[in-house]
Amino acid sequence: MIEKIKFKQDKPIIFITNDDSVHSKGIAELINSVAHLGQVVVVAPDVVRSGSSSAITHGVGLELKLLCSQDDLYIFSCSGTPVDCVKLAFFTLFDKQLPHIVLSGINHGSNASVNSLYSATVGAAMEGCVNNISSIAFSLCDHADDADFSNTLPHVVAMVEKVLKDPLPKGTFLNVNFPKGVVQGLKFVRQADARWSEEYDKTFEKGTTQYWLAGYFDNREPNAVDTDEWALSSGLGSVVPVKIDMTDYDWLENNCLK
């Protein structure tokens, strides 16, 4: 039976999830890098849940399994989506004190520009933000299962330390992406204007036609020097502050019903 965790009062609580599953290298690297900063609670999907954005499970029961409990580290797997992981953890494991910070990642692959709309790594960080908790999504531009995270980890730790000391504004979370290889530094930038041309590969199997998502990435402002795509191409980690309030206040003020 899963019971609520009794936390120490003298250490911050760090909650970690991802969308590459609890077994991925990226989440292991993240756990190991921030473990010294506080009490770490991990709830992550039991299988890969990439591309599920902020999806939640309904009509199907969720399973939560304890995989590790030692010192100040608790690791659980969840049969749901990354947002399910956040919601279920907050309901099941925490009593009066929610985490001080929510970390999602480190994702294997970029979640910059339009990718943030589809990303469950970003979706999980957004869910933390919905609960008024400082939240950060971390991603590395390398899809390899054995990706090298060593260049990113010092920046991850420094950012987590900073946000634990100086929490983010209510309603804002960070979408952080790192280039593959050496990271020249971090740059606060805006999200690039880009899209995926939804191209599919077509196959014929057992008498039926199947379509497999392929796609072509189109950066519609390749010459801009203030976007996340520009930062990554320049060897910089990109940090995009994101608000969960998606209201277009300019249009609301100037055009609504006028």
Side-chain angles (χ1 to χ4, degrees), residues 14 16-38 40 42 44 48 50-51 101-122 124-125 134-166 168 172-194 196 215-242:
I14 301 170
I16 296 177
T17 189
N18 74 347
D19 69 3
D20 289 319
S21 92
V22 70
H23 309 292
S24 74
K25 182 179 180 182
I27 199 169
E29 295 277 8
L30 180 57
I31 294 167
N32 292 335
S33 68
V34 302
H36 68 286
L37 298 178
V40 176
V42 180
V48 177
S50 297
I101 193 169
V102 169
L103 308 178
S104 185
I106 301 170
N107 189 67
H108 293 246
S110 172
N111 280 316
S113 67
V114 71
N115 296 316
S116 64
L117 300 180
Y118 311 118
S119 167
T121 302
V122 174
S134 293
S135 302
I136 311 174
F138 290 112
S139 303
L140 172 67
C141 296
D142 188 346
H143 286 95
D145 291 340
D146 63 345
D148 181 4
F149 293 89
S150 61
N151 292 297
T152 71
L153 295 179
H155 300 283
V156 168
V157 174
M159 183 168 292
V160 173
E161 288 179 324
K162 171 64 176 175
V163 173
L164 281 172
K165 182 179 179 181
D166 186 13
L168 298 171
T172 297
F173 68 97
L174 301 179
N175 181 24
V176 183
N177 285 269
F178 296 101
K180 181 178 178 180
V182 176
V183 181
Q184 302 291 344
L186 297 181
K187 187 74 172 180
F188 279 84
V189 288
R190 64 179 176 86
Q191 179 177 307
D193 179 9
W196 283 95
Y216 171 76
F217 185 73
D218 177 22
N219 183 359
R220 293 187 282 198
E221 44 182 351
N223 297 319
V225 293
D226 62 345
T227 70
D228 49 9
E229 290 295 333
W230 163 79
L232 292 168
S233 66
S234 302
L236 298 165
S238 65
V239 184
V240 176
V242 183

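When all heavy atoms of Ser104 and Ala124 are compared, the closest pair comes out as OG-CB, 3.6 Å. Counting all heavy atoms, side chain and backbone alike, Leu174 lies closest to Pro241 at CD2-CA, 3.9 Å. Shortest non-hydrogen contact noted between Ala44 and Thr17 is CA-OG1, 3.8 Å. Ala231 and Ser238 get closest at one heavy-atom pair: CB-CB, 4.0 Å. Summarising the geometry of Glu229 relative to Ala112, their closest heavy-atom pair is OE2-CB, 3.6 Å, with the distance given to 0.1 Å. Among all heavy-atom pairs drawn from Ala224 and Arg190, the shortest one is CB-NH2, 3.9 Å.
With hydrogens and angles ignored, the 3.5 Å screen pairs a side-chain donor or acceptor of Ser33 with a backbone N or O of Glu29. Remark: the backbone N or O of Val183 is not paired with any side-chain donor or acceptor of Asn151 at under 3.5 angstrom. His108 places a side-chain N or O within 3.5 Å of a backbone atom of Gly26 that can act as its donor or acceptor partner. A donor-acceptor pair is defined here as one N or O able to donate and one able to accept, closer than 3.5 Å; no such pair exists between the side chain of Asp20 and the backbone of Asn107. No donor-acceptor pair closer than 3.5 Å links the side chain of Gln184 to the backbone N or O of Gly235. Looking at Asn18, its side chain never comes within 3.5 Å of a backbone N or O of Ile27 through a donor-acceptor pair. Formation of a donor-acceptor pair under 3.5 Å by the Asp228 side chain with backbone atoms of Ser113 is found in this model. In this structure, Asn32 contributes its side chain and Ala28 its backbone to a donor-acceptor pair below 3.5 Å. Asn175 places no side-chain N or O within donor-acceptor distance of the main-chain N or O of Val122, the cut-off being under 3.5 Å. Remark: the backbone N or O of Leu168 is paired with a side-chain donor or acceptor of Ser134 at under 3.5 angstrom.
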Residues Leu30, Phe149; criterion side-chain contact (heavy atoms from CB on, under 4.5 Å); working and verdict: CA-CA 9 Å; Leu30 180 57; Phe149 293 89; over 6 Å; no

Pair Val176-His155, side-chain contact (heavy atoms from CB on, under 4.5 Å): steps then yes or no: CA-CA 10 Å; Val176 183; His155 300 283; over 6 Å; no

Steps toward side-chain contact (heavy atoms from CB on, under 4.5 Å) verdict (Phe178, Leu186): CA-CA 9 Å; Phe178 296 101; Leu186 297 181; 3.6 Å; yes

Residues Asp142, Asp148; criterion side-chain contact (heavy atoms from CB on, under 4.5 Å); working and verdict: CA-CA 8 Å; Asp142 188 346; Asp148 181 4; 5.7 Å; no

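Atom-to-atom distance recorded for Trp196:CH2 and Leu117:CG is 13.0 Å, nearest 0.5 angstrom. To the nearest 0.5 Å, atom CD1 of residue Ile106 and atom CG of residue Leu140 are 7.5 Å apart.
Judged purely by distance below 3.5 Å, without hydrogens or angles, the side chains of Thr121 and Asp19 pair a donor atom with an acceptor atom. Remark: the Gln191 side chain and the Ser116 side chain contain an N/O donor-acceptor pair separated by less than 3.5 Å.
For Asp145 and Lys25, the salt-bridge test fails: no basic side-chain N is under 4.0 Å from an acidic carboxylate O.
Within a 6.0 Å sphere centred on CG of Asp218, other residues, nucleotides and ligands contribute more than 12 heavy atoms. Surrounding NZ of Lys187 are at most 12 heavy atoms belonging to other residues, nucleotides or ligands under 6.0 Å away.
Side chains of Val189 and Thr227 form no contact here, defined as non-hydrogen atoms less than 4.5 Å apart. Using a 4.5 Å heavy-atom cutoff, the side chains of Asn177 and Asn115 are not in contact.
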